[in-house]
Amino acid sequence: MEAQNFPKSVVIVGGSLAGLLHGLYLKRHGSHVVILEQDPNAVRSSHQAGIAFGPNTDEILRKYDDTGVQSCIASTTTQLAYRKTWGFHLNIARRLTSWGLLYRILRANYDGLASDAVPNPPPPRKGDGKAEYRSGQKLTNLQDNHDSVTVTFIDQDGTEDSLTADLVIGADGLHSTVRTLVQASTIKEYSGYVAWRGTVLERDLPPETVAYFDGRPTLSFLRKTYLVSYPIPPDAGTFTRTTRLLNWVWYSHAPHPTPLLTDLTGHVHSNTIPTGLVSPSLWRAQLARTLPQMPPHLATLVAATRDDAVFVTRVNDAVCEGAVYGGGRVLLVGDALATFRPHFAVATEQAAGHCLGLGRVWRGEWKLGEWEGEVVRYGRRMWMASRVLGVWGLGGWWEFWGVLGRFVGVLLGGWFGGRARRG
Ligand SMILES: Cc1cc2nc3c(=O)[nH]c(=O)nc-3n(C[C@H](O)[C@H](O)[C@H](O)COP(=O)(O)OP(=O)(O)OC[C@H]3O[C@@H](n4cnc5c(N)ncnc54)[C@H](O)[C@@H]3O)c2cc1C
């Protein structure tokens, strides 16, 4: 009975975490799902990027993951440090992992991809729908047929193909093509800062440095810049002391990010310079400017990062006015609906929340408009709250008060009406 409102056929655009969470959930409820991912690699590269997640993602893994593979390090506290002067702990529980491991676990369950993390993927469950992951397929068009939607996509050679499904889910991130095609009104902005990121093997660090960062995220506030660091497993999912990594993210002002996003070969990247292509001289200059302010263990960690393990990402955000289009046959989820500056580390959690909420819609417990109202309100609040935390952490007081004022406005707007527009 339960599965009767689940769509029979679904195309998901975007094969990252939001797409895979929705794909796995739908497959387990009998829907036939095709994920289209523009990246041509069979397994997407992850740069060993750390992510944190919470109860929504945990619930999906607990109910639908059959790999039996450990997915994260469970932390119960967060450590805060101000320059070299003080530090304290807050009781905030998070699950710490790497993007690559979560991706591999979801792929193993979704379409049986074998990997170093999951060499023997689990068989499908009884009642599962069919699940396909098509790499190197870029969505170019959507056509609403009033009882279905036809998606058109091209492969690497420019060969065009199409599919028709009951439902299309846009899980295609910050630069969502689905969002553009449905003409969703969106605010998309560059934050004015970038995130330098890197990892170091714990075994390459002194034991007292590893102990300082052990088992929890650490936020280190410096002069007009700050860093977040936490332990993560490698993509292969081993959690031993010899394989675990310490991952750090360093937010730093860059009003004009182009020089930082110009790689060793002179190519300018639009968002991220991958590991191995960051100019060592730019990285060394960044390090030299700030190293003297850093608490000793943080300085040890960051200075121990190999030049070819550093990468840079432009920090953007975006928020969209609605999540439901084409009479309910096209939905936006994850970063495609709302991309937050990453300070609260809730992007994966948001995507998992979208998925669980849609589950309630498909089980008949919630109307689609109620789901939309909820996710759009949450998106606006977190979009603004992430700006407040970012601006505070990066030390711009005038901008901080301005953003805080706008945040209060968004909260009041949320409380006194402002239901999301229905598509
Ligand atoms: C510095 C930084 C730190 C972060 N830290 C965290 C953290 O701690 N915790 C956390 O949860 N998240 C974090 N994030 C965010 C996280 O990386 C993802 O943004 C998040 O998991 C949501 O992903 P998504 O699947 O919605 O979008 P994305 O991961 O952006 O995926 C979109 C996918 O769609 C594909 N795509 C795009 N257009 C098309 C098209 N036309 N056709 C086919 N495919 C297409 C893309 O190739 C991509 O694979 C961080 C981000 C940054 C920049």
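Everything quoted here is computed from the prediction, not taken from an experiment. Basis for what follows: all heavy atoms, side chains included, without hydrogens, waters or symmetry-related copies. One-based numbering, in listed order, for ligands and for the atoms of each.
- More than 12 heavy atoms of other residues, nucleotides or ligands lie within 6.0 Å of OH in Tyr190, so this atom counts as buried by the packing criterion.
- The shortest distance between side-chain heavy atoms of Leu337 and Ser176 does not fall below 4.5 Å.
- For atom 49 (O) of ligand 1, the closest non-hydrogen atom of the protein is Arg44 NH1, 2.5 Å.
- The atoms of ligand 1 that sit less than 4.0 Å from any heavy atom of Gly334 are 26 (O).
- When hydrogens are left out, the protein atom nearest atom 17 (O) of ligand 1 is Trp99 CD1, 4.6 Å; that is the closest non-hydrogen contact.
- For Trp250 and Tyr193, the ring centers sit 6.0 Å or farther from each other.
- Every atom of ligand 1 with a heavy atom of Leu36 under 4.0 Å away is listed here by number and element: 43 (C), 44 (N).
- Nearest to atom 51 (C) of ligand 1 among the protein's heavy atoms is Pro342 CB, 4.1 Å.
- Only backbone heavy atoms of Ala171 (N, CA, C or O) come within less than 4.0 Å of ligand 1; its side chain stays farther off.
- Under the 6.0 Å cut-off for aromatic ring centres, Tyr64 and Tyr25 qualify, their centroids lying closer than that.
- Note: an N/O pair closer than 3.5 Å links Ala52 and ligand 1 by distance alone.
- The shortest N/O to N/O separation between Glu37 and ligand 1 falls below 3.5 Å.
- The single protein non-hydrogen atom nearest to atom 25 (O) of ligand 1 is Ala18 N, 3.0 Å, given as residue, atom name and distance.
- Regarding atom 41 (N) of ligand 1, its nearest protein heavy-atom neighbour is Thr177 OG1, 2.8 Å.
- Residue, atom and distance of the protein heavy atom nearest to atom 31 (O) of ligand 1 are Ser16 CB, 3.1 Å.
- Within the 6.0 Å centre-distance limit, the rings of His343 and Tyr226 are counted as a close aromatic pair.
- Neither the backbone nor the side chain of Val333 comes within contact range of ligand 1; no heavy atom lies under 4.0 Å.
- When each of Asn91, Ile92, Thr218 is checked for a side chain to side chain contact (heavy atoms under 4.5 Å, CB included) with Thr77, only Asn91 meets the rule.
- Close approach of ligand 1 to Gly173 (heavy-atom distance below 4.0 Å) involves ligand atoms 27 (O), 30 (O), 32 (C).
- Near Ala195, meaning under 4.0 Å from any of its heavy atoms, are these atoms of ligand 1: 1 (C).
- Taking 4.5 Å as the limit, every side-chain heavy atom of Thr339 sits out of range of all side-chain heavy atoms of Asn316.
- With a 4.5 Å cut-off on side-chain heavy atoms, Leu36 and Val151 count as touching.
- Between the NE2 atom in His175 and the CG atom in Asp335 there is a gap of 10.0 Å [rounded to 0.5 Å].
- The environment of Lys188 atom NZ is dense: over 12 non-hydrogen atoms of other residues, nucleotides or ligands sit within 6.0 angstrom.
- In this model, no donor atom of one side chain and acceptor atom of the other lie less than 3.5 Å apart for Glu160 and Thr140.
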**Stepwise side chain to side chain donor-acceptor pair (under 3.5 Å) test for His32 and Ser9** = CA-CA 5 Å; His32 300 317; Ser9 58; over 6 Å; no

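- Summarising the geometry, atom CD1 belonging to Ile187 is positioned 10.0 Å from atom CD belonging to Glu321; distances are rounded to the nearest 0.5 Å.
- Assignment of Gln137 to the shell around ligand 1 is supported, since a heavy atom sits closer than 4.0 Å.
- Put simply, the side chain of Gln70 gets close to the backbone of Cys72: a donor and an acceptor are under 3.5 Å apart.
- Among the atoms of Thr313, none of the N or O lies under 3.5 angstrom from an N or O of ligand 1.
- Among the atoms of Gln38, some N or O lies under 3.5 angstrom from an N or O of ligand 1.
- The closest approach between a heavy atom of Trp250 and any atom of ligand 1 is not below 4.0 Å.
- Looking only at protein heavy atoms, the nearest one to atom 13 (C) of ligand 1 is Ile51 CG2, 4.0 Å.
- Of the candidates Arg197, Arg134, Arg95, Lys138, it is Arg197 that places a heavy atom closest to atom 1 (C) of ligand 1.
- Looking at Leu17 and Phe53, their side chains never come closer than 4.5 Å, going by heavy atoms from C-beta outward.
- Under the 4.0 angstrom criterion, atom 28 (P) of ligand 1 counts as having a protein heavy-atom contact.
- A distance of 6.0 Å or more separates the ring centres of Trp383 and Phe340.
- Residue His175 has no N or O atom closer than 3.5 Å to an N or O atom of ligand 1.
- The nearest protein atom to atom 14 (N) of ligand 1, hydrogens excluded, is given as Ala347 CB, 4.3 Å; this is a heavy-atom distance.
- Nearest to atom 21 (O) of ligand 1 by heavy atom, out of Leu181, Thr348, Leu139, is Thr348.
- Annotation for ligand 1: atoms under 4.0 Å from non-hydrogen atoms of Tyr230 are 8 (O).
- For ligand 1, the polar-atom distance check finds no N/O of Val249 at less than 3.5 Å from any of the ligand's N/O atoms.
- Residue contacts with ligand 1: Asp335 is placed with a nitrogen or oxygen under 3.5 Å of a nitrogen or oxygen of the ligand (distance criterion only).
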